[in-house]
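Down below is the structure, laid out as structure tokens.
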Number of protein chains: 2
Amino acid sequence: MSLRHAILGLLSIQPMSGYELKKVIDESVGHFWTADQSQVYRTLSTLVDDGLASRRTVVQEDRPNLHLHSATDRGLAELDTWLASPLQTPPIREPFLARLFFADRLPADRIQKLVDTRRQEVAEQLAALEAIAVPANATEAGQVLRSATLANGIAHARAELDWLASTQRQLERITP
Amino acid sequence: MSLRHAILGLLSIQPMSGYELKKVIDESVGHFWTADQSQVYRTLSTLVDDGLASRRTVVQEDRPNLHLHSATDRGLAELDTWLASPLQTPPIREPFLARLFFADRLPADRIQKLVDTRRQEVAEQLAALEAIAVPANATEAGQVLRSATLANGIAHARAELDWLASTQRQLERITP
DNA sequence: CGCACATATGTGTATTGACATATATGTGCG
DNA sequence: CGCACATATATGTCAATACACATATGTGCG
């Protein structure tokens, strides 16, 4: 469970409610990490139970009360331990490649369509990533790192598009 | 659960035992799909229960008996349905990027080390992928598709290496 | 007025999967 | 002789997650 650490990391930057966390995850780290809303709340609870985060209720009058969460000292220590620990590579699962691998069961035009649909999807993803503004000449480590994670997504999207184009050409070559 | 379909796909090419399937998954589709051994056996059982695969026991004298599995007609139909169904994009989870995002908590040399360790790992992965031989001028759709999935892994590994180099340069720029 | 949507927090539950473990036998190595 | 390793199948179990659902209130729109 690395969602624990992702949340701990976000809380180390700024105290947040579960609701806000979910939004931040979707918006600012969404290109490399996703989380279910219910999981965010449950993880926050275990974090508080384990003493890695603290919870403070903020009374609001015109909307439901907030549970504002902060990383505790132990939480920050745990975060640093995680940052220094060896990286466990996650299981690779690429549904599109899995499909493409068996796609010769389909007629040629259907294979082409598979590839083309994928091309459109990746093109949209790329456009979405490129639309996110990044500071041009970052001087702080945090800025550099955060724009680098974004650049990673862009680099892979472009690589995927190039590969798709090349695959498409190869497919056209065998079915003239 | 797409392991069902991955297994169904492999069985459509050739009847196999669970043991053999696990090996084939590790070796031939390992660069885009991984599976736990216990999960392979359990999935085979549900596949048989659902009538999508059939099981035949092959008695062997000097080793444990084989359970040879084949895709049934219904299994092949299910496979084709899956191939034609809209692709559900899996949740994105990139532990390395998650770490890098919060790595400004670490001293500069530790960040560099993080990036460098990653560079070595990806370089090894790339070498492993490049070592797999592929037919140069594929004429069959199946060959083209299968070498394309391999090419995909290579393309992404190279993109990752380029990005890592660029990130490293940026980090050096801010900590002279 | 009803409806959707944003704010905000949670529970219930089934599936998936990772990891450990059990069982049985043959081969090769030191 | 013991040990590791390959062949081969399978269960037990816990954690992580996805998806659905429940609850409560204010705002804006047609």
Side-chain angles (χ1 to χ4, degrees), chain A residues 1-8 11 15-27 30 33-50 53-69 82 87-95 98, chain B residues 1-8 11 15-27 29-30 32-50 53-69 82 87-95 98:
Chain A
M1 184 186 25
S2 206
L3 179 57
R4 266 175 98 78
H5 298 109
I7 287 180
L8 225 36
L11 291 183
M16 274 183 272
S17 68
Y19 186 80
E20 205 181 341
L21 256 169
K22 170 61 176 159
K23 277 203 295 182
V24 169
I25 290 173
D26 287 349
E27 283 156 26
W33 205 272
T34 53
D36 187 75
Q37 177 256 91
S38 65
Q39 205 59 25
V40 169
Y41 282 101
R42 264 191 267 251
T43 302
L44 275 174
S45 287
T46 65
L47 244 28
V48 171
D49 289 347
D50 296 349
S54 64
R55 173 180 283 166
R56 187 165 65 86
T57 302
V58 177
V59 179
Q60 300 191 124
E61 292 202 343
D62 54 347
R63 24 184 100 173
N65 291 343
L66 274 183
H67 285 179
L68 208 60
H69 295 80
W82 171 69
L87 192 75
Q88 50 196 18
T89 35
I92 307 160
R93 244 159 240 142
E94 300 285 349
Chain B
M1 183 184 30
S2 205
L3 179 58
R4 266 175 97 81
H5 298 109
I7 287 181
L8 225 36
L11 291 183
M16 274 183 272
S17 67
Y19 186 80
E20 205 182 341
L21 255 169
K22 170 61 177 157
K23 278 204 295 181
V24 169
I25 290 173
D26 287 349
E27 284 157 26
V29 304
F32 64 80
W33 206 271
T34 53
D36 187 74
Q37 178 255 91
S38 64
Q39 207 57 25
V40 169
Y41 282 101
R42 265 192 266 251
T43 303
L44 275 174
S45 288
T46 65
L47 245 27
V48 171
D49 289 348
D50 296 348
S54 64
R55 174 180 281 167
R56 187 165 63 87
T57 302
V58 178
V59 178
Q60 300 189 122
E61 293 202 342
D62 55 345
R63 26 184 97 174
N65 291 344
L66 275 182
H67 284 179
L68 208 61
H69 295 80
W82 171 69
L87 193 74
Q88 51 197 18
T89 35
I92 306 160
R93 245 159 239 144
E94 301 284 348

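Chain A is the first sequence line, chain B the second, and so forth, proteins listed ahead of strands; every chain is numbered from 1.
- Nucleotide dC19(C) holds its C1' atom 13 Å from the CD atom of Gln88(A), rounded to whole Å.
- Contact annotation: Tyr41(A) does not reach the phosphate of dG10(C) (side-chain N/O to OP1 or OP2, under 4.0 Å).
- When all heavy atoms of Ser54(A) and Val48(A) are compared, the closest pair comes out as C-CG2, 4.4 Å.
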Sugar-phosphate atoms are those with a prime plus P, OP1 and OP2; base atoms are the rest. Using that split, label each nucleotide of nucleotides 14-23 of chain D B, S or - for protein heavy atoms under 4.0 Å, 5' to 3'. --SBBBB---
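- Checked against side-chain contact (heavy atoms from CB on, under 4.5 Å), Ile92(B) has the following partners two or more places apart in sequence or in another chain: Glu94(B).
- Across all strands shown, Lys22(B) has no heavy atoms under 4.0 Å from either base or sugar-phosphate atoms.
- A donor-acceptor pair under 3.5 Å is absent between the side-chain atoms of Tyr19(B) and the main chain of Gln37(B), judged by distance alone.
- Every residue meeting the side-chain contact (heavy atoms from CB on, under 4.5 Å) condition with Arg63(A), not counting sequence neighbours, appears here in chain and number order: Gln60(A).
- Rounded to an integer number of Å, the gap from NE2 of His67(B) to P of dT11(D) is 11 Å.
- For dA8(C), neither phosphate oxygen OP1 nor OP2 lies less than 4.0 angstrom from any side-chain nitrogen or oxygen of Lys23(A).
- Within the 3.5 Å criterion, the main-chain N or O of Glu20(A) finds a donor-acceptor partner in the side chain of Ser17(A).
- Comparing the start and finish of the helix from dC1(C)-dG30(D) to dG30(C)-dC1(D), five pairs each, the helix axis swings through 20°, to the nearest 10 degrees.
- The distance between atom CG of Leu68(A) and atom P of dT9(C), rounded to the nearest whole Å, is 9 Å.
- When the salt bridge (charged side-chain N to carboxylate O under 4.0 Å, His left out) test is applied to Asp36(A), no partner is found at least two apart in sequence or on another chain.
- For the pair Asn65(B) CG and dA10(D) C1', the computed distance is 14 Å after rounding to whole Å.
- When rounded to the nearest whole Å, the span between CG of Asp49(B) and P of dT15(C) equals 14 Å.
- Here dT9(C) presents its C1' atom at 17 Å from CZ of Arg56(A), a figure rounded to the nearest Å.
- Distance Leu47(B) CG to dT9(D) P: 15 Å, rounded to the nearest Å.
- Contact record, Phe32(B) with Ala98(A): CE1-CA, 3.3 Å, taken as the closest heavy-atom pair.
- Of the possible donor and acceptor atoms, none in the side chain of His67(B) sits under 3.5 Å from a partner among the backbone N and O of Asn65(B).
- With rounding to whole Å, Tyr19(B) atom OH is found 4 Å from dT7(D) atom P.
- The salt bridge (charged side-chain N to carboxylate O under 4.0 Å, His left out) search around Asp26(B) returns Lys22(B), not counting sequence neighbours.
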